[in-house]
Protein chains: 2
Amino acid sequence: MELQKVDGRKARGEKKRRAIVEATLRVIERDGVSGVTHRSVAREAGVPTTAPTYYFATLDDLLIATLLWSAEAMCDDVLKIIASGTAREIARSLATAVDTNRGRTLAEYELYLLAGRRPELKPAARRWLDLATEVARPADPVAFRAFLAAIDGLLMQGLIADVAPNEDELEPIVSFLIRGRDESTAAPREE
Amino acid sequence: MELQKVDGRKARGEKKRRAIVEATLRVIERDGVSGVTHRSVAREAGVPTTAPTYYFATLDDLLIATLLWSAEAMCDDVLKIIASGTAREIARSLATAVDTNRGRTLAEYELYLLAGRRPELKPAARRWLDLATEVARPADPVAFRAFLAAIDGLLMQGLIADVAPNEDELEPIVSFLIRGRDESTAAPREE
DNA sequence: CAACTACTTGAACAAGTGTTCCACAAGTTT
DNA sequence: AAACTTGTGGAACACTTGTTCAAGTAGTTG
(Lines give C-alpha, C1' and ligand atoms only; values in the text may rest on other atoms or scores of the structure.)
Protein backbone atom coordinates (compact mmCIF):
# COMPACT_ATOMS: atom_id res chain seq x y z
CA MET A 1 0.00 0.00 0.00
CA GLU A 2 2.59 2.57 -0.95
CA LEU A 3 0.49 5.67 -1.49
CA GLN A 4 3.58 7.82 -1.79
CA LYS A 5 5.09 6.41 -4.94
CA VAL A 6 2.77 6.90 -7.89
CA ASP A 7 3.37 5.65 -11.34
CA GLY A 8 5.02 8.47 -13.25
CA ARG A 9 3.24 7.40 -16.40
CA LYS A 10 -0.15 7.56 -14.78
CA ALA A 11 0.66 10.93 -13.29
CA ARG A 12 1.50 12.39 -16.68
CA GLY A 13 -1.52 10.61 -18.09
CA GLU A 14 -3.85 12.28 -15.62
CA LYS A 15 -2.29 15.61 -16.38
CA LYS A 16 -2.82 15.15 -20.06
CA ARG A 17 -6.33 13.95 -19.43
CA ARG A 18 -7.10 17.15 -17.61
CA ALA A 19 -5.42 19.20 -20.34
CA ILE A 20 -7.75 17.59 -22.85
CA VAL A 21 -10.78 18.39 -20.75
CA GLU A 22 -9.66 21.99 -20.39
CA ALA A 23 -9.07 22.26 -24.12
CA THR A 24 -12.55 20.89 -24.71
CA LEU A 25 -14.05 23.53 -22.47
CA ARG A 26 -12.22 26.22 -24.42
CA VAL A 27 -13.59 24.83 -27.65
CA ILE A 28 -17.11 24.86 -26.23
CA GLU A 29 -16.72 28.43 -25.04
CA ARG A 30 -15.52 29.48 -28.46
CA ASP A 31 -17.61 27.36 -30.85
CA GLY A 32 -20.26 25.67 -28.76
CA VAL A 33 -20.82 22.00 -28.11
CA SER A 34 -21.29 21.38 -31.81
CA GLY A 35 -17.71 22.52 -32.40
CA VAL A 36 -16.32 19.71 -30.31
CA THR A 37 -14.66 16.96 -32.33
CA HIS A 38 -11.74 14.73 -31.56
CA ARG A 39 -9.68 16.71 -33.98
CA SER A 40 -10.66 20.19 -32.84
CA VAL A 41 -9.99 19.27 -29.24
CA ALA A 42 -6.68 17.63 -30.10
CA ARG A 43 -5.63 20.70 -32.05
CA GLU A 44 -6.60 22.98 -29.18
CA ALA A 45 -4.77 20.85 -26.65
CA GLY A 46 -1.73 20.36 -28.88
CA VAL A 47 -1.94 16.59 -28.80
CA PRO A 48 -2.32 14.06 -31.58
CA THR A 49 -5.76 13.21 -32.90
CA THR A 50 -5.91 9.90 -31.14
CA ALA A 51 -5.17 11.24 -27.67
CA PRO A 52 -8.78 12.14 -26.84
CA THR A 53 -9.89 8.70 -27.97
CA TYR A 54 -7.28 7.10 -25.80
CA TYR A 55 -8.42 8.88 -22.67
CA PHE A 56 -12.12 8.88 -23.37
CA ALA A 57 -13.81 5.86 -24.86
CA THR A 58 -16.12 7.99 -26.92
CA LEU A 59 -16.67 11.61 -27.86
CA ASP A 60 -19.72 11.62 -25.66
CA ASP A 61 -17.67 10.60 -22.67
CA LEU A 62 -15.31 13.47 -23.30
CA LEU A 63 -18.20 15.88 -23.53
CA ILE A 64 -19.77 14.59 -20.36
CA ALA A 65 -16.49 14.67 -18.47
CA THR A 66 -15.94 18.24 -19.58
CA LEU A 67 -19.37 19.41 -18.56
CA LEU A 68 -19.24 17.68 -15.21
CA TRP A 69 -15.90 19.31 -14.53
CA SER A 70 -17.12 22.68 -15.71
CA ALA A 71 -20.22 22.50 -13.54
CA GLU A 72 -18.11 21.61 -10.55
CA ALA A 73 -15.87 24.61 -11.04
CA MET A 74 -18.81 26.90 -11.64
CA CYS A 75 -20.55 25.85 -8.46
CA ASP A 76 -17.92 27.21 -6.14
CA ASP A 77 -17.91 30.63 -7.75
CA VAL A 78 -21.65 30.96 -7.81
CA LEU A 79 -22.29 29.82 -4.29
CA LYS A 80 -20.04 32.32 -2.60
CA ILE A 81 -21.87 35.15 -4.25
CA ILE A 82 -25.40 33.97 -3.74
CA ALA A 83 -25.10 32.90 -0.16
CA SER A 84 -23.47 35.95 1.32
CA GLY A 85 -23.59 38.63 -1.36
CA THR A 86 -25.40 41.90 -1.31
CA ALA A 87 -27.67 42.89 -4.16
CA ARG A 88 -24.91 44.93 -5.70
CA GLU A 89 -22.39 42.12 -5.48
CA ILE A 90 -24.81 39.74 -7.08
CA ALA A 91 -25.61 42.24 -9.81
CA ARG A 92 -21.92 42.74 -10.47
CA SER A 93 -21.37 39.01 -10.81
CA LEU A 94 -24.27 38.70 -13.22
CA ALA A 95 -22.97 41.58 -15.31
CA THR A 96 -19.55 39.98 -15.50
CA ALA A 97 -21.06 36.64 -16.45
CA VAL A 98 -22.75 38.05 -19.54
CA ASP A 99 -19.86 40.27 -20.54
CA THR A 100 -16.33 39.25 -19.62
CA ASN A 101 -17.26 35.62 -19.01
CA ARG A 102 -19.75 35.48 -21.83
CA GLY A 103 -18.28 32.41 -23.48
CA ARG A 104 -18.20 30.57 -20.22
CA THR A 105 -21.78 31.43 -19.43
CA LEU A 106 -22.90 30.30 -22.86
CA ALA A 107 -21.07 27.03 -22.30
CA GLU A 108 -22.77 26.62 -18.96
CA TYR A 109 -26.19 26.93 -20.51
CA GLU A 110 -25.33 24.48 -23.22
CA LEU A 111 -24.88 22.08 -20.35
CA TYR A 112 -28.37 22.84 -19.14
CA LEU A 113 -29.85 22.10 -22.50
CA LEU A 114 -27.75 19.02 -23.02
CA ALA A 115 -28.91 17.82 -19.63
CA GLY A 116 -32.45 18.27 -20.87
CA ARG A 117 -31.78 15.52 -23.37
CA ARG A 118 -29.34 13.39 -21.38
CA PRO A 119 -30.55 12.42 -17.95
CA GLU A 120 -27.07 11.51 -16.70
CA LEU A 121 -26.11 15.18 -16.87
CA LYS A 122 -29.08 16.39 -14.90
CA PRO A 123 -27.51 16.10 -11.44
CA ALA A 124 -24.49 18.13 -12.52
CA ALA A 125 -26.63 20.82 -14.10
CA ARG A 126 -28.83 20.98 -11.04
CA ARG A 127 -25.99 20.93 -8.57
CA TRP A 128 -25.69 24.66 -7.96
CA LEU A 129 -29.41 24.92 -7.35
CA ASP A 130 -29.38 22.19 -4.75
CA LEU A 131 -26.27 23.54 -3.09
CA ALA A 132 -27.59 27.08 -3.06
CA THR A 133 -30.79 25.99 -1.40
CA GLU A 134 -28.87 23.95 1.13
CA VAL A 135 -26.41 26.70 1.98
CA ALA A 136 -28.89 29.54 2.09
CA ARG A 137 -31.48 27.76 4.23
CA PRO A 138 -34.02 30.27 3.00
CA ALA A 139 -36.72 31.41 5.36
CA ASP A 140 -39.11 31.79 2.45
CA PRO A 141 -38.56 28.87 0.04
CA VAL A 142 -40.97 30.25 -2.50
CA ALA A 143 -39.22 33.59 -2.74
CA PHE A 144 -35.89 31.81 -2.92
CA ARG A 145 -36.95 29.62 -5.81
CA ALA A 146 -38.17 32.70 -7.61
CA PHE A 147 -34.82 34.30 -6.97
CA LEU A 148 -32.86 31.34 -8.34
CA ALA A 149 -35.10 31.12 -11.37
CA ALA A 150 -34.66 34.82 -12.06
CA ILE A 151 -30.89 34.48 -11.97
CA ASP A 152 -31.04 31.96 -14.80
CA GLY A 153 -33.45 34.16 -16.69
CA LEU A 154 -31.40 37.31 -16.26
CA LEU A 155 -28.28 35.54 -17.48
CA MET A 156 -29.96 34.02 -20.52
CA GLN A 157 -31.70 37.24 -21.44
CA GLY A 158 -28.43 39.07 -20.90
CA LEU A 159 -26.81 36.80 -23.44
CA ILE A 160 -29.26 37.72 -26.18
CA ALA A 161 -29.45 41.42 -25.46
CA ASP A 162 -28.00 43.78 -28.03
CA VAL A 163 -25.80 45.28 -25.36
CA ALA A 164 -25.18 43.24 -22.27
CA PRO A 165 -26.88 44.70 -19.20
CA ASN A 166 -24.54 46.29 -16.73
CA GLU A 167 -24.30 46.21 -12.99
CA ASP A 168 -26.41 49.32 -12.42
CA GLU A 169 -29.19 48.01 -14.59
CA LEU A 170 -29.33 44.69 -12.82
CA GLU A 171 -29.00 45.91 -9.27
CA PRO A 172 -32.61 47.05 -8.73
CA ILE A 173 -33.93 43.80 -10.18
CA VAL A 174 -31.79 41.76 -7.84
CA SER A 175 -32.84 43.98 -4.98
CA PHE A 176 -36.46 43.36 -5.80
CA LEU A 177 -35.87 39.62 -5.81
CA ILE A 178 -34.04 39.34 -2.51
CA ARG A 179 -36.32 41.89 -0.94
CA GLY A 180 -37.97 39.31 1.26
CA ARG A 181 -34.84 37.41 2.10
CA ASP A 182 -33.22 39.46 4.80
CA GLU A 183 -36.43 40.75 6.25
CA SER A 184 -37.70 37.30 6.93
CA THR A 185 -34.47 36.25 8.57
CA ALA A 186 -34.41 39.23 10.89
CA ALA A 187 -34.69 36.79 13.73
CA PRO A 188 -32.55 33.93 12.48
CA ARG A 189 -33.27 30.55 13.91
CA GLU A 190 -30.30 28.61 15.15
CA GLU A 191 -31.36 25.13 14.17
CA MET B 1 -51.05 43.34 -61.68
CA GLU B 2 -53.16 40.22 -61.44
CA LEU B 3 -52.91 39.35 -57.78
CA GLN B 4 -55.63 36.74 -58.14
CA LYS B 5 -53.91 34.26 -60.37
CA VAL B 6 -50.84 32.85 -58.69
CA ASP B 7 -48.41 30.48 -60.27
CA GLY B 8 -49.52 27.00 -59.27
CA ARG B 9 -45.92 25.91 -59.19
CA LYS B 10 -44.91 28.63 -56.82
CA ALA B 11 -47.88 27.87 -54.63
CA ARG B 12 -46.84 24.27 -54.27
CA GLY B 13 -43.29 25.41 -53.81
CA GLU B 14 -44.20 27.60 -50.87
CA LYS B 15 -46.18 24.76 -49.39
CA LYS B 16 -43.24 22.44 -49.64
CA ARG B 17 -40.98 25.09 -48.25
CA ARG B 18 -43.16 25.34 -45.19
CA ALA B 19 -43.34 21.57 -44.90
CA ILE B 20 -39.57 21.48 -44.80
CA VAL B 21 -39.46 24.10 -42.08
CA GLU B 22 -42.02 22.20 -40.04
CA ALA B 23 -40.08 18.99 -40.47
CA THR B 24 -36.96 20.78 -39.30
CA LEU B 25 -38.71 21.93 -36.17
CA ARG B 26 -39.79 18.37 -35.45
CA VAL B 27 -36.22 17.21 -35.84
CA ILE B 28 -35.02 19.89 -33.44
CA GLU B 29 -37.67 18.94 -30.92
CA ARG B 30 -36.67 15.32 -31.13
CA ASP B 31 -32.89 15.46 -31.53
CA GLY B 32 -31.84 19.03 -30.96
CA VAL B 33 -30.24 21.49 -33.34
CA SER B 34 -27.27 19.19 -33.75
CA GLY B 35 -29.57 16.59 -35.24
CA VAL B 36 -30.48 18.83 -38.14
CA THR B 37 -28.89 17.80 -41.43
CA HIS B 38 -30.14 18.08 -44.96
CA ARG B 39 -30.73 14.39 -44.95
CA SER B 40 -32.47 14.08 -41.59
CA VAL B 41 -34.80 16.92 -42.49
CA ALA B 42 -35.50 15.49 -45.92
CA ARG B 43 -36.27 12.11 -44.40
CA GLU B 44 -38.60 13.68 -41.84
CA ALA B 45 -40.38 15.72 -44.49
CA GLY B 46 -40.55 12.84 -46.94
CA VAL B 47 -38.73 14.71 -49.68
CA PRO B 48 -35.49 13.94 -51.51
CA THR B 49 -32.19 14.98 -50.02
CA THR B 50 -31.74 17.88 -52.38
CA ALA B 51 -35.06 19.55 -51.62
CA PRO B 52 -33.86 21.45 -48.55
CA THR B 53 -30.88 22.72 -50.51
CA TYR B 54 -33.13 23.91 -53.28
CA TYR B 55 -35.28 25.98 -50.98
CA PHE B 56 -32.58 27.14 -48.62
CA ALA B 57 -29.21 28.18 -49.94
CA THR B 58 -27.44 26.72 -46.97
CA LEU B 59 -28.15 24.60 -43.92
CA ASP B 60 -27.75 27.68 -41.81
CA ASP B 61 -30.48 29.45 -43.72
CA LEU B 62 -32.80 26.54 -43.09
CA LEU B 63 -32.00 26.62 -39.40
CA ILE B 64 -32.52 30.34 -39.17
CA ALA B 65 -35.79 30.20 -41.08
CA THR B 66 -37.03 27.46 -38.79
CA LEU B 67 -36.14 29.26 -35.62
CA LEU B 68 -37.62 32.54 -36.79
CA TRP B 69 -40.82 30.75 -37.66
CA SER B 70 -40.84 28.88 -34.37
CA ALA B 71 -40.28 32.03 -32.36
CA GLU B 72 -43.12 33.74 -34.18
CA ALA B 73 -45.51 30.93 -33.38
CA MET B 74 -44.37 30.79 -29.78
CA CYS B 75 -44.91 34.49 -29.26
CA ASP B 76 -48.65 34.39 -29.76
CA ASP B 77 -49.16 31.59 -27.25
CA VAL B 78 -47.01 33.12 -24.59
CA LEU B 79 -48.39 36.61 -24.82
CA LYS B 80 -51.99 35.70 -24.28
CA ILE B 81 -51.11 33.99 -21.06
CA ILE B 82 -48.74 36.53 -19.62
CA ALA B 83 -50.74 39.61 -20.38
CA SER B 84 -54.11 38.57 -19.01
CA GLY B 85 -53.51 35.35 -17.08
CA THR B 86 -53.93 34.73 -13.42
CA ALA B 87 -51.15 33.15 -11.40
CA ARG B 88 -52.78 29.78 -11.75
CA GLU B 89 -53.17 30.06 -15.49
CA ILE B 90 -49.54 31.07 -15.85
CA ALA B 91 -48.45 28.21 -13.60
CA ARG B 92 -50.50 25.80 -15.67
CA SER B 93 -48.91 26.99 -18.89
CA LEU B 94 -45.44 26.64 -17.43
CA ALA B 95 -46.19 23.14 -16.21
CA THR B 96 -47.41 22.17 -19.65
CA ALA B 97 -44.36 23.67 -21.29
CA VAL B 98 -41.97 21.46 -19.33
CA ASP B 99 -44.12 18.36 -19.57
CA THR B 100 -46.38 17.90 -22.57
CA ASN B 101 -44.55 20.45 -24.70
CA ARG B 102 -41.15 19.53 -23.37
CA GLY B 103 -39.56 19.00 -26.76
CA ARG B 104 -40.88 22.27 -28.00
CA THR B 105 -39.60 24.15 -24.98
CA LEU B 106 -36.17 22.57 -25.34
CA ALA B 107 -36.14 23.64 -28.97
CA GLU B 108 -37.07 27.16 -27.98
CA TYR B 109 -34.16 27.43 -25.60
CA GLU B 110 -31.79 26.11 -28.18
CA LEU B 111 -32.81 29.17 -30.15
CA TYR B 112 -31.80 31.33 -27.22
CA LEU B 113 -28.37 29.79 -27.08
CA LEU B 114 -27.92 29.85 -30.81
CA ALA B 115 -28.84 33.52 -30.73
CA GLY B 116 -26.09 33.99 -28.20
CA ARG B 117 -23.62 33.02 -30.89
CA ARG B 118 -25.42 34.38 -33.96
CA PRO B 119 -26.43 38.00 -33.69
CA GLU B 120 -28.93 37.75 -36.55
CA LEU B 121 -31.11 35.51 -34.40
CA LYS B 122 -31.14 37.83 -31.41
CA PRO B 123 -34.22 39.85 -32.44
CA ALA B 124 -36.26 36.69 -32.90
CA ALA B 125 -35.15 35.27 -29.58
CA ARG B 126 -35.88 38.54 -27.83
CA ARG B 127 -39.21 39.10 -29.52
CA TRP B 128 -41.48 37.72 -26.84
CA LEU B 129 -39.74 39.78 -24.20
CA ASP B 130 -40.20 42.99 -26.13
CA LEU B 131 -43.79 42.18 -26.98
CA ALA B 132 -44.63 41.19 -23.43
CA THR B 133 -43.26 44.44 -22.08
CA GLU B 134 -45.14 46.40 -24.70
CA VAL B 135 -48.45 44.66 -24.12
CA ALA B 136 -48.31 44.57 -20.35
CA ARG B 137 -47.30 48.21 -19.89
CA PRO B 138 -46.10 47.31 -16.43
CA ALA B 139 -46.48 49.85 -13.67
CA ASP B 140 -43.32 48.52 -12.04
CA PRO B 141 -40.77 47.78 -14.76
CA VAL B 142 -38.30 46.33 -12.33
CA ALA B 143 -40.75 43.82 -10.95
CA PHE B 144 -41.84 42.97 -14.46
CA ARG B 145 -38.31 42.26 -15.63
CA ALA B 146 -37.83 40.06 -12.62
CA PHE B 147 -41.02 38.26 -13.53
CA LEU B 148 -39.96 37.68 -17.13
CA ALA B 149 -36.54 36.50 -16.05
CA ALA B 150 -38.06 34.09 -13.58
CA ILE B 151 -40.25 32.58 -16.27
CA ASP B 152 -37.19 31.66 -18.29
CA GLY B 153 -35.50 30.30 -15.20
CA LEU B 154 -38.48 28.25 -14.09
CA LEU B 155 -38.78 26.71 -17.53
CA MET B 156 -35.10 25.89 -17.83
CA GLN B 157 -34.91 24.49 -14.33
CA GLY B 158 -38.09 22.57 -15.00
CA LEU B 159 -36.39 20.92 -17.95
CA ILE B 160 -33.54 19.57 -15.85
CA ALA B 161 -35.61 18.50 -12.86
CA ASP B 162 -35.92 14.80 -12.20
CA VAL B 163 -39.66 15.11 -12.28
CA ALA B 164 -41.11 18.12 -14.03
CA PRO B 165 -42.72 20.56 -11.61
CA ASN B 166 -46.48 20.62 -11.72
CA GLU B 167 -49.01 23.38 -11.67
CA ASP B 168 -49.53 23.34 -7.91
CA GLU B 169 -45.82 23.58 -7.26
CA LEU B 170 -45.35 26.52 -9.58
CA GLU B 171 -48.40 28.50 -8.61
CA PRO B 172 -47.09 30.05 -5.37
CA ILE B 173 -43.86 31.06 -7.08
CA VAL B 174 -45.73 32.78 -9.86
CA SER B 175 -47.97 34.42 -7.30
CA PHE B 176 -44.96 35.76 -5.47
CA LEU B 177 -43.60 37.19 -8.68
CA ILE B 178 -46.72 38.97 -9.88
CA ARG B 179 -47.65 40.03 -6.37
CA GLY B 180 -46.82 43.64 -7.07
CA ARG B 181 -48.32 43.71 -10.53
CA ASP B 182 -52.01 44.16 -9.92
CA GLU B 183 -51.64 46.17 -6.74
CA SER B 184 -49.59 48.79 -8.51
CA THR B 185 -52.07 49.10 -11.34
CA ALA B 186 -55.00 49.65 -9.03
CA ALA B 187 -55.28 53.16 -10.41
CA PRO B 188 -54.27 52.64 -14.04
CA ARG B 189 -53.02 55.68 -15.83
CA GLU B 190 -54.50 56.33 -19.24
CA GLU B 191 -51.49 57.76 -20.98
C1' DC C 1 -46.83 24.08 -80.12
C1' DA C 2 -42.73 26.26 -78.62
C1' DA C 3 -40.22 28.87 -75.27
C1' DC C 4 -39.76 29.67 -70.65
C1' DT C 5 -39.88 29.13 -65.84
C1' DA C 6 -40.17 26.53 -61.49
C1' DC C 7 -39.58 22.58 -59.34
C1' DT C 8 -37.60 17.54 -58.91
C1' DT C 9 -34.27 14.20 -58.02
C1' DG C 10 -30.63 10.77 -58.24
C1' DA C 11 -25.71 10.57 -58.70
C1' DA C 12 -21.53 12.21 -57.30
C1' DC C 13 -17.74 14.79 -54.88
C1' DA C 14 -14.60 16.57 -51.62
C1' DA C 15 -14.20 17.25 -46.92
C1' DG C 16 -14.58 16.00 -42.34
C1' DT C 17 -16.15 12.68 -38.95
C1' DG C 18 -15.54 8.86 -34.98
C1' DT C 19 -13.01 5.17 -34.31
C1' DT C 20 -9.71 1.25 -34.92
C1' DC C 21 -5.24 -0.66 -35.44
C1' DC C 22 -0.59 -1.35 -34.69
C1' DA C 23 4.14 -0.54 -34.19
C1' DC C 24 6.62 1.76 -30.85
C1' DA C 25 8.61 4.46 -26.83
C1' DA C 26 8.94 5.08 -22.00
C1' DG C 27 8.37 3.92 -17.29
C1' DT C 28 7.85 0.16 -13.62
C1' DT C 29 8.45 -4.14 -11.58
C1' DT C 30 10.72 -8.59 -10.82
C1' DA D 1 17.94 -7.57 -18.32
C1' DA D 2 13.41 -9.44 -19.18
C1' DA D 3 8.48 -8.96 -18.71
C1' DC D 4 4.93 -5.95 -17.84
C1' DT D 5 2.12 -1.94 -18.16
C1' DT D 6 1.05 2.61 -19.79
C1' DG D 7 1.14 6.12 -22.94
C1' DT D 8 2.12 7.84 -28.05
C1' DG D 9 0.91 8.81 -32.55
C1' DG D 10 0.64 8.07 -37.59
C1' DA D 11 -2.07 5.57 -41.05
C1' DA D 12 -6.24 4.04 -42.44
C1' DC D 13 -11.36 2.69 -42.63
C1' DA D 14 -16.02 3.16 -43.23
C1' DC D 15 -19.29 6.56 -42.91
C1' DT D 16 -21.85 10.97 -42.92
C1' DT D 17 -21.74 15.48 -44.06
C1' DG D 18 -22.98 19.94 -47.15
C1' DT D 19 -23.23 21.00 -51.56
C1' DT D 20 -23.05 20.73 -56.73
C1' DC D 21 -24.51 19.13 -61.16
C1' DA D 22 -27.08 17.83 -64.87
C1' DA D 23 -30.92 15.68 -66.79
C1' DG D 24 -35.60 15.58 -66.17
C1' DT D 25 -40.80 16.86 -65.42
C1' DA D 26 -44.62 19.73 -65.09
C1' DG D 27 -46.92 24.10 -65.11
C1' DT D 28 -47.27 28.85 -67.47
C1' DT D 29 -47.04 32.03 -71.10
C1' DG D 30 -46.72 33.69 -75.93
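All chains are named by letter (A, B, ...) in the order of the sequence lines, taking the proteins before the strands, and each is independently numbered beginning at 1.
- Applying the 4.0 Å criterion to OP1 and OP2 of D/dT19, one finds that B/H38 has a side-chain N or O inside that range.
- With sequence neighbours excluded, the residues satisfying salt bridge (Lys or Arg N to Asp or Glu O under 4.0 Å) with B/R127 are B/E72.
- Partners of A/E22 under the side-chain hydrogen bond (donor to acceptor under 3.5 Å, both in side chains) rule, at least two apart in sequence or in another chain, do not exist in this structure.
- Partners of B/E167 by side-chain hydrogen bond (donor to acceptor under 3.5 Å, both in side chains), not counting sequence neighbours, listed by chain and number: B/R88, B/R92.
- Evaluation of the ring pair (Phe, Tyr, Trp, His ring centres under 6.0 Å) rule for B/Y109 yields B/Y112 as partners, not counting sequence neighbours.
- For B/R39, the side-chain atoms get nearest to D/dG18 when compared with the rest of D/dT6, D/dG27, D/dG18.
- Cluster partners of B/L79, by chain and number: B/L131, B/V135. The rule joins Ile, Leu, Val, Met, Phe, Trp and Tyr whenever side-chain heavy atoms lie under 4.5 Å apart.
- For residues 46-61 of chain A, every residue pair satisfying the side-chain hydrogen bond (donor to acceptor under 3.5 Å, both in side chains) rule, not counting sequence neighbours, is listed here: A/D60-A/R118.
- Within residues 113-121 of chain B, no residue has a heavy atom under 4.0 Å from DNA chain D.
- By the side-chain hydrogen bond (donor to acceptor under 3.5 Å, both in side chains) test, B/E171 pairs with no residue at all, sequence neighbours left out.
- Salt bridge A/R39/A/E44: absent, no basic N to carboxylate O contact under 4.0 Å.
- Looking at the side chain of A/T37, the nearest of the listed nucleotides D/dG27, C/dT9, C/dT17 is C/dT17.
- Contacts of residues 14-27 of chain A with DNA chain C (heavy atom under 4.0 Å): none.
- Applying the side-chain contact (heavy atoms from CB on, under 4.5 Å) rule to A/A164 yields the partners A/V98; only residues at least two apart in sequence or on another chain are considered.
- Contacts between residues 50-70 of chain B and DNA chain D, defined by a heavy-atom separation below 4.0 Å, involve B/T50, B/T53, B/T58, B/L59, listed by number.
- A/R102 meets the side-chain hydrogen bond (donor to acceptor under 3.5 Å, both in side chains) test with no other residue; sequence neighbours excluded.
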